[in-house]
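To find a chain, count down the sequence lines: A is the first, B the second, and so on, and within it residues start at 1. This one's a predicted model, so the numbers in the text were calculated from it and none came from an experiment.
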Protein chains: 2
Amino acid sequence: MPNPKTDPPAVQPQSEHIDQSHLIGSVGYCCLQAYLEIVPNIRKQLAKLQLRPVEYTVLSLINSNPLINQKRLGQTIRVSPPNLATLLDRMQSDGLIDRQRNPNDRRSQILALTPKGQETCRKAENVAAKADITPTLTDAEREQLTRLLIKVFHP
Amino acid sequence: MPNPKTDPPAVQPQSEHIDQSHLIGSVGYCCLQAYLEIVPNIRKQLAKLQLRPVEYTVLSLINSNPLINQKRLGQTIRVSPPNLATLLDRMQSDGLIDRQRNPNDRRSQILALTPKGQETCRKAENVAAKADITPTLTDAEREQLTRLLIKVFHP
DNA sequence: TATTGTTATACTCTATAACTATA
DNA sequence: TATAGTTATAGAGTATAACAATA
């Protein structure tokens, strides 16, 4: 006779899918799971240009926002000043970006893309657009989804 | 006369918001930004129960899926076997979970919550539900959002 | 021989404190 | 005194290879 206190429970063949019912109400959990589903392909494609996702993001934001400084860039992508400094060091030594002190306030650095950075950014935007795939969504659903996500993180 | 090759560009007062137009079409980018907006509050609230987000997720999934093993748990939350093993070691030594070899296949570990783990899980589900806030969304938008995210990562 | 899980370890990412220079 | 950015470093998270036990 089995003793439920000490015996392992009888094993049933597991059903196909896991019950995540207590988690899928959480926007945070769902955002993370969706991100982890999508990002490996983006990472793989961007690696062909020797870029990681965050570096692509930096290139794109500098390209779209001339004269942006490190403070505003870091706030936008949620990277702390020390970590952004070392990231930009690397991108600068890779020849992708330039940093120039703002003549009106020499504390801040004005960021710009080098010609190589511009070219890499252009290629990366093409690559990333193709790699960011969500095959289970219709175009309308995808637009709806990004619209709602933007509403969450605000811009 | 300014030389555009060497002079820093003239600085204009920066407008209020950053142009992210080339990024916000990416579901991956938007998922990450929304996640980073939401998760600090969840992390802060769960810390009161000495839990990190991933530990809450593990508790909830074991609670909702009796007899789940490490392979299926790891696949669900996208944690590799080595990293899951050490995570569960910690949770076991914290008295939150039990591991028992499956008598039908002694390679696999059957996971279960201890009474303390069940109690912690119950509290954490309450805390997490309150902490997972998206004040800019209506209830209908929030449901729509999670519905679309689930469609992306599939279950 | 394949599968489940573990150990050990390296690598990346993130967080914190102390500092420089400019305002 | 406050702000933008840097340096150094520690900690958390993630990835890889080699291994043991079981099937």
Side-chain contact test, heavy atoms from C-beta onward, threshold under 4.5 Å: evaluate it for Glu141(B) versus Lys151(A) and give yes or no.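 Of all side-chain heavy-atom pairs linking Lys151(A) with Glu141(B), at least one is under 4.5 Å.
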With heavy-atom distances below 4.5 Å as the criterion, would you say the side chains of Val58(B) and Met91(B) are in contact?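 Val58(B) vs Met91(B): side chains touch.
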Between the side chain of Ser26(B) and the main-chain N/O of Tyr29(B), is any donor-acceptor distance below 3.5 Å?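 Yes; judged by distance alone, with no hydrogens or angles, the pair exists.
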Give a yes or no answer on whether the side chain of Asn65(A) reaches the backbone of Leu61(A) with a donor-acceptor pair at less than 3.5 Å.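 Yes; at least one donor-acceptor contact below 3.5 Å.
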Testing Ile110(B), Val79(B), Leu84(B), Leu87(B) one by one against Gln70(B) for a side chain to side chain contact (heavy atoms under 4.5 Å, CB included), which residue passes?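 Only one option passes, and that is Leu84(B).
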Take atom [atom1] of [X] and atom [atom2] of [N], then tell me their distance rounded to the nearest Å.
X         : N       : atom1 : atom2 : result
Gln75(A)  : dT3(D)  : CD    : P     : 12 Å
Gln109(B) : dT6(C)  : CD    : C1'   : 10 Å
Arg72(B)  : dG5(C)  : CZ    : P     : 11 Å
Ile68(A)  : dG5(D)  : CD1   : C1'   : 15 Å
Leu87(B)  : dG13(D) : CG    : P     : 9 Å
Gln70(A)  : dG5(D)  : CD    : P     : 5 Å
Leu88(B)  : dT6(C)  : CG    : P     : 7 Å
Ile77(B)  : dT14(D) : CD1   : C1'   : 13 Å

Side chain to side chain contact (heavy atoms under 4.5 Å, CB included) assessment of Glu143(A) paired with Arg147(A): CA-CA 6 Å; Glu143(A) 279 175 41; Arg147(A) 190 185 67 78; over 6 Å; no
Summary of protein contacts for nucleotides 15-23 of chain C, nucleotide by nucleotide, where a base hit scores B, a sugar-phosphate-only hit scores S (4.0 Å, heavy atoms): BBB----BS
Does Glu119(B) come within less than 4.0 Å of Arg122(B), counting only side-chain N to carboxylate O?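 Yes, this pair counts.
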Which comes earlier along DNA chain C counting from the 5' end, the contact point of Val79(A) or that of Pro81(B), where each point is its nearest nucleotide?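 In this pair, the answer is Pro81(B).
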Would you kindly compare Leu36(A) and Ser108(A) by the position of their nearest DNA chain D nucleotide and give the one closer to the 5′ end?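 Looking at the nearest nucleotide for each, Ser108(A) comes out on the 5' side.
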Given dT7(C), dG13(D), dC13(C), identify the nucleotide with an atom nearest to the side chain of Ala85(B).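 So the side chain of Ala85(B) is nearest to dT7(C).
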